[in-house]
Protein chains: 2
Amino acid sequence: MNDARYGLSLWLDRLTLRSTLTEDEREAILALPGELELIRPNRDFVRLGEQVSRACLVVSGLAGRFGQTRNGERQMTALHIAGDMADLHSVVLPKAATALQSVGETLIYRVPHAEIHKLVGQSRTLAEAFWRDCMVDAAVLSQWALVNARLSAKGRVAHLLCEMACRFGKGQSHDGHEIDWPLTQTTLGDTTGLTPVHVNRTLRALREGGAAHITGKTMRVIDWPRLRDIAEFDARYLVLEKAD
Amino acid sequence: MNDARYGLSLWLDRLTLRSTLTEDEREAILALPGELELIRPNRDFVRLGEQVSRACLVVSGLAGRFGQTRNGERQMTALHIAGDMADLHSVVLPKAATALQSVGETLIYRVPHAEIHKLVGQSRTLAEAFWRDCMVDAAVLSQWALVNARLSAKGRVAHLLCEMACRFGKGQSHDGHEIDWPLTQTTLGDTTGLTPVHVNRTLRALREGGAAHITGKTMRVIDWPRLRDIAEFDARYLVLEKAD
DNA sequence: CGGATCCTTGACACATCTCAAGACCTGTGG
DNA sequence: CCACAGGTCTTGAGATGTGTCAAGGATCCG
């Protein structure tokens with residue numbers, strides 16, 4: 001299977017996690033045309049204010065959505081893993097109010113808005129599935145807003161670790177499980193609203209408290225209940241299973 | 001004109017600001033059935049985790065969407081003014097991941113999801129308009145995440161003043177204009193992630209700096225360029241005019 | 001082997017929080 | 001009309017979590 005179709009199948013999995021699609025609709029998703037592009041680490045590949053005409057699917061790696069202050073400080077407003085259509089909202093709001101950067105080397109697949117529009121026209125179910133997926137992203141952001149504004153540094157970092165463990169891991173128990181971790185401490189800071197220096201101290205505290213351990217390019221949850229408690233984490237906002 | 005239809009017409013104005021609708025579609029919006037409910041100040045009228053079956057349109061007053069930490073601290077993730085469908089996302093995600101409270105006395109109009117679903121089925125343009133409006137809310141939240149994480153207390157408060165001035169005011173020049181201000185300093189703190197005490201000190205600084213003045217139930221922008229500068233404010237994220 | 005990037009740690013500064021008390025305002029019941 | 005209660009605003013003094021600045025160590029890659 002080629003990379004494009006593999007990426008699309010990941011996205012399809014994500015969509016069917018939350019919406020029920022017919023065979024035709026699934027096929028239509030998998031047949032979406034587009035272009036692959038390999039982005040080197042820490043490159044901005046969608047700029048602020050740009051008029052966007054294609055949506056970016058993350059095939060592998062990690063993409064961050066961010067805003068920026070006048071003096072260049074960044075704040076992540078989303079982290080998109082493989083299978084996420086990072087940019088889906090640009091279909092209805094093509095003027096990018098927010099930019100995208102790669103975190104580590106990232107392979108993306110750019111799908112023209114026109115193609116997605118075509119699907120929206122053909123199937124109301126798909127239209128709703130796209131809308132719903134965008135709203136899950138918004139719910140995640142809403143949770144970040146809460147956590148970053150109200151929890152201590154330890155809570156914020158722990159929360160991000162919990163979230164990523166849930167999104168990366170496919171539902172295994174978390175304890176002791178190693179997962180790939182492309183985030184540098186600087187990126188962690190951009191996400192949690194902390195300085196890299198303080199992220200470092202906070203990670204040390206989590207390590208010494210026996211909650212979680214980040215080494216090199218992997219993250220390992222040592223004590224899930226403890227980490228979860230520090231983060232006040234409750235995975236329901238991620239909507240990782242279909243509602244009834 | 002009765003309150004319900006008036007509220008719907010405000011919402012219609014909001015929608016047509018960003019999407020182009022036909023006469024039939026406009027009429028369909030204005031004909032939406034529902035129930036009016038007057039909410040007393042500081043009441044929660046949608047609770048966390050609740051299974052929602054009707055969306056809440058704010059007819060008058062102000063509604064806040066918020067999340068809550070374990071020890072009860074609140075963080076606003078949206079403030080909805082008259083004409084906002086505060087809850088539109090609940091049509092595709094009926095399990096409330098976030099709660100709603102009134103800020104000051106608020107009149108809401110509850111519209112059954114089924115009715116909105118019917119419109120989505122009838123018109124792809126409306127479906128897209130709803131999706132688009134939800135994405136504008138998300139863009140606002142994204143801006144809040146940036147501001148609350150990266151700006152000083154003064155910047156955060158100033159930013160909220162700017163935003164509200166733009167959303168309340170219908171595009172007049174801002175200087176010296178008085179606008180209704182139902183937000184208490186506590187609510188301001190819940191929104192900006194500050195304690196009420198520090199909000200108070202920050203408002204004093206803004207007043208003494210000749211930027212803006214809040215008295216009793218009104219807010220007055222004294223020096224718009226200065227306020228805008230303190231807040232690093234750029235109204236484009238609000239999408240108050242149709243994109244091209 | 002050299003350079004870039006990332007991580008680690010320490011000492012100190014400061015923005016914001018916490019705690020506490022009092023003033024003001026508004027609606028209510030006697 | 002007054003007294004009171006509850007909510008809001010205001011201000012002060014001191015505590016603390018996180019930022020800033022600075023330097024050195026680790027790791028990776030060409």
Side-chain angles (χ1 to χ4, degrees), chain A residues 40-43 62 64 69 71-75 101-105 147-160 180-209 212-219 230, chain B residues 40-43 62 64 69 71-75 101-105 147-160 180-209 212-219 230:
Chain A
R40 281 183 300 166
N42 285 304
R43 289 275 180 279
L62 193 61
T69 62
N71 63 53
E73 291 170 299
R74 293 185 168 196
Q75 176 61 39
Q101 71 167 98
S102 56
V103 177
E105 193 169 78
V147 164
N148 288 343
R150 297 289 164 195
L151 262 46
S152 67
K154 213 167 160 186
R156 293 187 224 177
V157 173
H159 193 277
L160 187 58
D180 276 2
W181 192 256
L183 295 165
T184 66
Q185 294 183 358
T186 303
T187 311
L188 260 164
D190 287 346
T191 308
T192 53
L194 300 166
T195 55
V197 173
H198 203 65
V199 168
N200 184 290
R201 291 193 255 258
T202 306
L203 286 176
R204 172 155 49 121
L206 289 173
R207 189 182 337 121
E208 289 172 354
H213 198 166
I214 291 185
T215 42
K217 297 248 160 300
T218 64
M219 192 269 278
I230 293 169
Chain B
R40 282 183 299 166
N42 286 303
R43 289 274 180 278
L62 192 63
T69 62
N71 62 54
E73 291 170 301
R74 293 186 167 193
Q75 177 61 39
Q101 71 167 97
S102 56
V103 177
E105 194 169 77
V147 164
N148 288 342
R150 296 290 163 194
L151 262 46
S152 67
K154 213 167 158 185
R156 292 187 223 177
V157 172
H159 194 277
L160 186 58
D180 277 1
W181 192 257
L183 295 165
T184 65
Q185 294 184 359
T186 303
T187 311
L188 260 164
D190 287 347
T191 308
T192 54
L194 299 167
T195 55
V197 173
H198 203 63
V199 168
N200 183 290
R201 290 192 251 258
T202 307
L203 287 176
R204 172 153 51 120
L206 289 173
R207 188 181 340 121
E208 289 172 354
H213 198 167
I214 292 185
T215 42
K217 297 249 160 298
T218 66
M219 192 268 278
I230 294 168

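Basis for what follows: all heavy atoms, side chains included, without hydrogens, waters or symmetry-related copies.
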Nearest-0.5 Å distance that lies between atom CD in Q185(A) and atom CD1 in I214(A):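 Here the rounded value is 7.5 Å.
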From CD (E73(B)) to CZ (R150(A)), nearest 0.5 Å: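 Rounded to the nearest 0.5 Å, the CD-CZ separation comes to 5.5 Å.
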Secondary-structure stems, DNA chain C, at least 3 Watson-Crick or G-U base pairs under 3.5 Å: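 Stems found: C:1-30 with D:1-30.
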Shortest non-hydrogen contact between [X] and [Y], atoms and distance:
| X | Y | result |
| --- | --- | --- |
| Q75(A) | T191(A) | NE2-O, 2.9 Å |
| H198(A) | A153(A) | CD2-CB, 3.6 Å |
| I230(A) | A158(A) | CG2-CB, 3.8 Å |
| S102(B) | G104(B) | CB-O, 3.6 Å |
| T202(B) | V157(B) | CG2-CG2, 3.9 Å |
| R156(B) | V147(B) | CG-O, 3.6 Å |

Length of the [atom1]-[atom2] vector between [X] and [N], whole Å:
| X | N | atom1 | atom2 | result |
| --- | --- | --- | --- | --- |
| Q185(B) | dC17(C) | CD | P | 14 Å |
| K217(A) | dC6(C) | NZ | P | 8 Å |
| L151(B) | dA15(C) | CG | C1' | 14 Å |

Positional range of nucleotides in DNA chain D within the contact set of chain B, heavy-atom, under 4.0 Å: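 So the contact region on DNA chain D extends dT8(D) to dA13(D).
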Minimum side-chain heavy-atom gap N148(B)-N148(A) below 4.5 Å: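 They are not in side-chain contact.
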Under 3.5 Å: donor-acceptor pair, side chain of T218(A), backbone of W181(A):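 Flag not set: sc T218(A) to bb W181(A) has no pair under 3.5 Å.
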Members of residues 193-203 of chain A that approach DNA chain D, where some heavy atom sits under 4.0 Å away: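 Within residues 193-203 of chain A, the residues near DNA chain D are G193(A), L194(A), T195(A), V197(A), H198(A), R201(A).
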